[in-house]
Each structure stands twice: as structure tokens, then as C-alpha cells.
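Below is one structure, written out as C-alpha cells; the observations come after it.
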Amino acid sequence: MEISFLNELNESQRRAVEYTSGASLVIAGAGSGKTRVLTYKIAYLLKTGMAPSSILALTFTNKAAREMKERVATMVGEKTARYLWMGTFHSVFSRILRSEAELIGYSKNFTIYDSADSKSLIKSIVKELKLDDKVYKHGFLQSRISYAKNNLITPDAYLANTDLIKADSSSRIPLMSDIYKIYCNRCKQADAMDFDDLLLQTNVLFRNHPDVLQKYQLRFGYVLVDEYQDTNFAQYLIVKKLAEQHEKICVVGDDAQSIYSFRGANIDNILKFKSTYQNAQVFKLEQNYRSTQTIVNAANSLIDKNAQQIRKTVFSEKETGRPIKVLSVFTDFEEGFIVANNISDLRFSDNYRYQDIAILYRTNSQSRVMEEALRKQSIPYRIYGGLSFYQRKEIKDVIAYCRLVCNPNDEEALKRIINYPARGIGDTTVNKLIECAQLHAVSAWEVLTDMLKYNLAVNAGTANKLAQFRSMMEVFAEQVSTQSAYDLANSIVKVSGVIADTYTDHSPESMSRQENVQELLKAIHEFCETKQSDGEPTALLPDFLSEVSLLTDQDTDKETDKDKVTLMTVHAAKGLEFRAVFIVGMEEELFPSPFCTQNERELEEERRLFYVAITRAEELCFISFAKSRFKNGKTNFSNPSRFIKDIDEQYLEIPVEAKPKQARISDWDNDLETERNRFQHSSPKPFIKENVLPPAPKRMMKINNSGGEKIMTKNATIPTGAFVKHGVFGIGKVLETSMVNGNEKADIDFGEKGVKSLLLKFAKLEVLE
DNA sequence: GAGGAGCTTCTTTTT
DNA sequence: GAAGCTCCTC
């Protein structure tokens, strides 16, 4: 059959698209047209006679799914495309779980706990068990539970696993397995699944109900998976089971862009695909259509340092392009300033629009300095990540009401709103309520429905308040199946008093809370309208909730954000591309993250992360590092990231003094001094002001600021014999002071670190009185 | 039980 | 620097 759109593909892309007779793995280098292959393959399957409802295409983000659906729709028509099973793992399988929920002991309207809900539940369990929350840290417990679920280890299997039990007792958390078990029971009791459950319970469903598995095996004639390198064991197994019979499966990914192991992603899934599917065909897409040769080659030279990888030769036939510019700066403030300057330059002399430019960083907390610098220079920007719309307090409050109305057993929702707005039901009462519920092995709501029966020990006044709350919720609950989602949500915010609570004053904060609540109502309204125009029955509140719980920040993207610079983490940037990219904060202790330098495997993942960052750039890439950075309330000194050295120098433009030599600390101090001199002389204007410095702690006298302006005073002279504190060398004793070219110099004994000669003008010293 | 002051801790990436 | 927590007062 001649299908004309295949001519729009290169040879290897075309071969990957046309192979549909068995399992296939498409290794798609960065920028090699991965999404193109997926969409064309789906179009090809449709053109060759497959029904759209037989095609299952799984992605990791809603955005990727939406974009792919749109692209398929332009090729085969919207009418066909809408019947495709296309979405994230979590959304597709939550849909399947809802229709099969009763089989595994959940109800159709089960709640999805987000990670804040999980965290809160874990905290209360630790508290109820009267454990020390400094030993049993909720973050660690949460990741441990997530790890277990991702690897399909049930609480019983956990208990039987001697390795895990040993690890827990050596981490001094021997009760970990109990917490895990209680956590699962509580979720079940609340009729709630957390994110990991959506995958775990799907596996449970398929394992315990072979007929159900078979139904879906027959339904899905072809399975496609995007970003396969990011799948975890639970996802791997779901996919494997679904494709077991026919092996009509195509996975697409790039092992070099595997950056989600912290979420359980297992790079082995892609590395060992060929042994899972014996007859699998492998296609490699190696031509990069995105970036200049320099950027591709630089990225190749970096990733070459990783041992774990599927070797491939990514190449570009675009122009050579300019080298990657390395910017060495003194402070994080200067970094922001320089980046902002460069952005203005690009805009005026190289004709870049703001939307062509992105600033990428390792951690969200780095966005603040960048933001300030951009604002000072009136550069429009848009920050992705951080606190998303659905994580704001007022939004979570309203959603919690909705959740409780749809699922009265939802304990986390109940805890959140039982006393919001304040109605005199305090912590003591809530604790009693939950304790009582645990005692009788029922949900907290169940206790509320019959406080006498369960012997809830509260006084009459409190009992009355609880009863009032209960009847309010019952009135809402009665309307769940009759009122539209919008009408019900509207009466909830009015009757519950949430709206009134946001109108208490006229502060900007409460104004913005009002706006947000209105915005949410608008979103529910739009949701109902869309369903209606699709000819579906009236959208109910549970319908809205099932969609909203899997939305993320990126999905609330407004199209009104036109010409703005993009600020995001490198993780969030995966899959995106920009003409110019600034990768900031390329420092040790930051990128690679100090949590990931323990072993080679983690370090390689960080290197892949840097690889992802570089390959976002089409034309220009800038890498910057600061020698000092304000972090967690204090200034830290750091060295350039080891990863900069991993890039072949021929693709870099490095300022002389920033050449990464063996960064010995004693050399570093000299570098700092050179740098400070350079900075003082070349800086266009001093933008580091006194007030950006952290306040000097009591009993300490500040000798110097960090560069721009001299604030040293005569009486700041250090007496011989005084003890001083230095950011890098620690505490030392002043041996001698002298004047060098009009500058005061001190010889200081730092003990193990040796005796250093420092110019007081430059060295950041605190005198310990 | 509510709300605020002051202390401590803790820092990664997210469907 | 910010969020979370505890303790204190009303």
C-alpha cells in the first residue's frame, strides 16, 4: 500500500514506522524525531485498517499525550483520533481501574491521594504509633513506600523480604514494614489510591482476574509507549502483560535521557528490551534535526563518559554553530544579572524573541534569583514548576470538600476541612475521632454517622458541632448524582463558608485567594461545557475529580503566555526545545546534586540530566557557574561542576580564569582573588548592595561584603591573635597583619587547612569576638 | 480551641 | 529563606 505521508520520513524513521509485525524498540537520540515516528506510526496503523479504539498509546505527561493526539488528528481526522486510547500511564489505568474497581475492593468513585495526602497520612501514622518523627522521617518513609509499590512489593512481601527488613533495621526504622502495612490499610479504608497504587492495583487487577486481563489484551491490538526509558517495574509489567499474546508493541525512548530513577524508573527496562521480547527489532534514530553540530557534538562528548548506555552516533547536518559559552561569575546575583544581559543582547542584536529562550536549572529554588534579575531588566518570563494552581491552599480546600462529598471515607479530605472554615472542631476532637475510627476499624466518617454507637468520647457541644458538619456534607452528597459538577461545587463553596472566608479582608493575599477560587469554579464550568458539547451526559462532580487529580502544573498552561522567557528545571524541560538555552548553577554541590554523588549509577543519571539540558538548545547554549551562592539562608562557596570538564573543550568558549584545572582549595582562593579583581574593574555597575547580604549574626563583626561596594571601615582591622571564620577554610587564628599596596593583609592559621595569606579586602571573614 | 511568636529544620528532580 | 513545628497566651 502506498501511503504518501511516509515520504516525509527519513529512511530509519520510515522503517521504524512500517514495522508492525512484532515487538520493536526505537532508540531515538535527542531531537531525532521521536514524536514524529510515534504519530506517523499511529496514523500508519489506522490507515492500514486498525480501529482507533484498538490502539493504546502511553506517555508520561498529559501534555505529551495531548500533543500527540492533536498531531494524529491532523493526519487522520479528529473523528478517528478521539477514539484512540491515548494518555499517561496514570490516567489510562485510573480509567480502567474505575470501571473494574469493585473487583479489587474499591468503589467506582475512589479518591486519588496526591503526594501531600500521602505525606499527611504517613505523618499521622508515625504520630499514632508514638514514634520519633526525627528518626521516622516522613520523606524517607514516603520514598520507601513508593519504592515498594513501584516494585510490586506488597506489605506482606515486604515483611518477608529479609534484605528490606535488614536495611530498615540498620537505618534504625525497624517499624517501617508496619507503617507500610498500616498505610495501605488506611488508604483502603478511605477508598483511596495514591499515585503508585494506580499502577500497583492495575497489576493486582490483572493478576487476580485473568478474564479482565484477557479482555484488555484483546481490546488493545497495538501498544505504543513513549519515553520507555522512564518506566518503572510496575509499568513494565503492565505493558508486558497487555502485549503478551501478540507482541504488537512498539516502545520509543532514549537511554541517554533516562532521568527519573528517583521515581522508580529502571533504565534496565530499555537496556534489556531485547531479552524481554526475543524477536524484537531495534531501530536507531541517530540524525538530530534540532541542534547545531557543535551542540550535538558537545553533548555526545559528555554522554560518552557514561559507561551504562546503548552506543549510538547522534549527528547533525545543520550548521556548525557557535561554541557553548561558559560564563564564570562571582555570585548567584551576578549570574542572574549576566544571564539577563545576555538575553537582552540576543534579543536586540541576534533577533531572538523571548519565547526562543529558556533558563534551565537543577532545583526550583534557583528560580528566585533569576526571576529578580529578569524583573529588574523588565524581561518578561514564565516560571514552570513550583507551586502549581492545584497545590494552592484555597484550591486544595475546595477540592477537599468536593472529594469528601463524593467519597465520605476520604480521611485526608475530612481532616483538611472538618475545621475549615473554623467551626470549633479542634485537633483534640479530630484525633479522638480518628482514634475511635481506628479502634473500630471503620472510617472516620462512619463514626460521625453514629457517634453513640462508636462511643465517641466528646462533650455535647462538640458532638453537636460534629453533627452539624455531618448534615451539611450529607446535603451535598445527596446532590452528587443530580446536580452538575459546576452547580454542586458552587453551592459547596457558598454553603460551607469557604467563599466568605476568603472575603475577610482586602489584603492582596486574600484577593488572590478569591480569584483562585473563582478560577477553579470557571475551570469546573468549562469542564461541564466541554462534556456537554461532546454530547455526553451532564458532567458530575466525580467526573471532574477523576480528571483533576492527575493534572499537573504544565497542564494548566495558558496560551496567553506568548513572548516570554521560560524558566524551568531541567527535568521539566525534557521533550522541549529552544533556540537559546542558559544552563545556570553548574556547580559542585548543586549539579550534580550532592544527593547523587554517592555512587556511579546516580552520578551517571545526573550526567544524563546535563545531557538533556544541553540538547534542548537549537542554536546557542550557555553554561554558567557562580563561585558563591546564597543557599538555605547562608552563602556557600563552590567549584565549577565536574561535568563541564566532561565536555570536549573544542566545543566550549571558556574564560581564561575559569578553565577547570584540578580544583584544589588553596588554588581556589587565588582564583577568587583574581576573579574579584576582574569583577570590580569590569562590572558595569555595582549591583551587589549591602542589603543583599545576610545579616551578621550576633557577636560577630562583619569585615567585608562580597565584592561590589567597599564597606570596610577603619575599625574593622583585625587584631593579631583574634579568631576569624572563613567560608572555605573554617575557623583560624590571626598570626600577623600587614599592609600590601595599601591593602591590609593577614596571615591566618587555619589548622589542618594550613596558614593562608589573605587580603582583607577580598576574603570574607567574620571576626569571632 | 485559636492564633501568633519564635524556634528548628531542611533542603532534588514529579506522574 | 521558607515551611513546619512547638509553645505560649488569650
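Naming: A, B, ... by sequence-line order, numbering from 1 per chain.
Proximity of A:S365 to the phosphate of B:dT12: no side-chain N or O atom is located under 4.0 Å from OP1 or OP2. In this structure, A:N364 reaches the B:dT14 phosphate: one of its side-chain N or O atoms is under 4.0 Å from OP1 or OP2.
A:E602 approaches A:F595 most closely through the heavy-atom pair OE1-O, 3.5 Å.
Sequence order on DNA chain B of the closest nucleotides to A:G424 and A:Y260 puts A:G424 first from the 5' end. If A:T569 and A:K465 are placed on DNA chain B by their nearest nucleotide, the residue sitting closer to the 5' end is A:K465.
Atom C1' of nucleotide B:dG1 and atom OH of A:Y420 are separated by 18 Å, given to the nearest angstrom. Distance A:Q598 CD to B:dT12 P: 14 Å, rounded to the nearest Å. Rounded to a whole Å, the CG atom of A:L199 is 9 Å from the C1' atom of B:dT15. When the C1' atom of B:dT11 is taken as reference, atom NZ of A:K119 falls 12 Å away, rounded to whole Å. Atom P of nucleotide B:dT15 and atom CD of A:Q142 are separated by 15 Å, given to the nearest angstrom. Between A:E606 atom CD and B:dT13 atom C1' the separation is 8 Å, expressed in whole Å. In this structure, the CD atom of A:Q391 is 10 Å from the P atom of B:dT14, given to the nearest Å. Nucleotide B:dG3 holds its C1' atom 12 Å from the CG atom of A:D427, rounded to whole Å.
When the nucleotides B:dT14, B:dT12, B:dT15 are ranked by their closest atom to the side chain of A:F195, B:dT15 comes out on top. You'll find that the side chain of A:T428 is closest to B:dG1, out of B:dG1, C:dG1, B:dT14. Checking C:dG1, B:dT14, B:dT9 against the side-chain heavy atoms of A:H571 singles out B:dT14 as nearest. For A:K137, the listed nucleotide lying nearest its side chain is B:dC10; candidates were B:dT11, B:dC10, B:dT15. Taking only side-chain atoms of A:F595, from C-beta outward, the nucleotide of B:dT11, B:dT9, B:dT14 with the closest atom is B:dT11. Picking from B:dT14, B:dT9, B:dT12 the nucleotide with the shortest atom distance to the side chain of A:K134 gives B:dT9. Considering only the side chain of A:N419, B:dA2 comes nearest among B:dT15, B:dT12, B:dA2. Side-chain proximity of A:R368 to the nucleotides B:dA2, B:dT12, C:dA2 is greatest for C:dA2. With distances taken from any side-chain atom of A:K123 to the nucleotides B:dT12, C:dG4, B:dT13, the minimum falls on C:dG4.
Under 3.5 Å, the side chains of A:E335 and A:S624 contain a donor-acceptor pair of N or O atoms. A:Y183 and A:S118 share a side-chain donor-acceptor pair at under 3.5 Å. Side-chain atoms of A:K415 and A:S124 include a donor-acceptor pair closer than 3.5 Å.
Remark: A:R607 fails to qualify as a cation-pi partner of A:Y611 under the 6.0 Å distance and 45° angle criteria applied to the six-membered ring.
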- Task: Show your working on side chain to side chain contact (heavy atoms under 4.5 Å, CB included) between A:K574 and A:I259 and close with a plain yes or no.
- Result: CA-CA 9 Å; A:K574 195 169 73 155; A:I259 54 174; 3.8 Å; yes

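Remark: ring of A:F262 stacked against base of B:dT13; centroid gap under 5.5 Å, plane tilt under 30°.
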